[in-house]
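Below is one structure, written out as structure tokens; the observations come after it.
Counting convention: from 1, in listed order, for ligands and their atoms alike.
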Amino acid sequence: MYDYDLLVVGSANADLVVGVERRPGAGETVLGGDLAVHPGGKGANQAVAAARLGARTALLARVGDDGHGTLLLDSLRSAGVYTSAVLTGGAPTGVALITVDPSGDNSIVVSPGANARLTGGDVRAAGGVLGAARVVSAQLEIPLETVAELVRSLPEGTRFVLNPSPPRPLPAEVLAACDPLVVNEHEARVLLGDEGAGDDPAEWARRLLALGPRSVVVTLGARGALVCDASGARAVPSVVVDAVDTTGAGDAFTAALAWQLGAGAEPVRAAAFAARVGAAAVTRRGAQESYPTAAEVAALGA
Ligand code: ADP
């Protein structure tokens, strides 16, 4: 028996957002609106999304011993995430400093802080949690070496899902473990090398599969997703919704997909469910604040 349906290994950030009339240039100071602080980071987002859906979800992450760390732990716990593997200290909590202008364009500085201090040693020390989860999901807002150590530490038979964001070249041992590798259009292009990637998502999926993962899922925003494995590429339709804010949609999709695959769902069905979760998430503002419960996903139209 597993204690957790899903273990997420990844980042936790405080997103500090200020609205401005115009984003500042070099050497310039501009006055903005009131500061808004939101819990974020791809790891924490995925964990909150899965827990909101009803998955027994644990997070392995590192936050600072500071107010932002407390904000994140509160958000995780109120969503029902098991936080005993969230480590504290070593550096300030990661933050994203975000300025947004009236057209919605933003400028972002990320200080990884404690996320950069989540080490392979932390992964090895968390061995019991790794063995207690059906499926393990990671992203790349923590050191790549930590993700590589995670892959080496996974018990035989534990499924591994990776969203390589922010994208960078991946070692063969990490690629080989992914089932699936989950990418959006930007991540697919970077992993394939921008030139010559072409415009056909099915072709990206086939070429990504040739890099070594056991399966690939390409998310296509309002166009849904593609699932690709040795048996070929299959399209998964999206749900038509009024999109208000797409922040964190990919994290909600990946969390839902990983949970459903771990529960034994067939990949296209799992991705179709994940697409409904992603669609529900874009109908509300924010990332973690926008994530639906299972009942809200069920209530979404076809
Ligand atoms: P990311 O947030 O990583 O860029 P996507 O934009 O591809 O990822 O979104 C992830 C998934 O969320 C999509 O595959 C889709 O299922 C769902 N989704 C995103 N945007 C929309 C939208 N405007 N309408 C319906 N579903 C959406």
[X] bridged to [Y] by N-O distance under 4.0 Å:
X	Y	result
Asp105	Arg22	no
Arg234	Asp229	yes
Glu173	Arg152	yes
Arg56	Asp3	no
Glu296	Arg276	no

Pull out every atom of ligand 1 sitting under 4.0 Å from any heavy atom of [X], numbered as shown with elements.
X	value
Asn184	1 (P), 3 (O), 4 (O)
Val241	24 (N), 25 (C)
Ala243	23 (N)
Leu220	7 (O), 14 (O)
Gly250	1 (P), 2 (O), 3 (O), 8 (O), 10 (C)

Next item on the list: State, to 0.1 Å, how close Ala270 and Leu261 come at their nearest heavy-atom pair, and which atoms those are.
Entry: CB-CD2, 3.8 Å
Item checked: Minimal non-hydrogen separation, Ala138 against Phe160, with atom names -> CB-CE1, 3.9 Å
Item checked: Thr219 N/O to ligand 1 N/O under 3.5 Å -> yes
Notebook entry, point to check: Does the N or O separation between Gly224 and ligand 1 drop below 3.5 Å for any pair?
Noted result: yes
Considering only the protein, which heavy-atom contact is closest to [atom], and what is its distance?
atom	answer
atom 25 (C) of ligand 1	Val239 O, 3.2 Å
atom 11 (C) of ligand 1	Phe253 CD1, 3.8 Å
atom 12 (O) of ligand 1	Gly278 CA, 3.5 Å

Next item on the list: May I ask which of Ala249, Ala252, Gly248 has a heavy atom nearer to atom 9 (O) of ligand 1 than the others do?
Entry: Ala249
Next item on the list: Using heavy-atom distances, let me know which of Ser238, Gly221, Ala280, Ala275 sits nearest atom 27 (C) of ligand 1.
Entry: Gly221
Margin query: Quick check: do Leu209 and Leu211 have side-chain heavy atoms less than 4.5 Å from each other?
Written below: no
Check: Heavy-atom contacts under 4.0 Å between Ala279 and ligand 1: side chain, backbone, both, or neither?
Finding: both
Notebook entry, point to check: Can you tell which part of Val240 has a heavy atom less than 4.0 Å from ligand 1: side chain, backbone, both or neither?
Noted result: neither
Margin query: Treating Asp74 as the side-chain partner and Leu71 as the backbone partner, does any N or O pair qualify as donor plus acceptor under 3.5 Å?
Written below: no
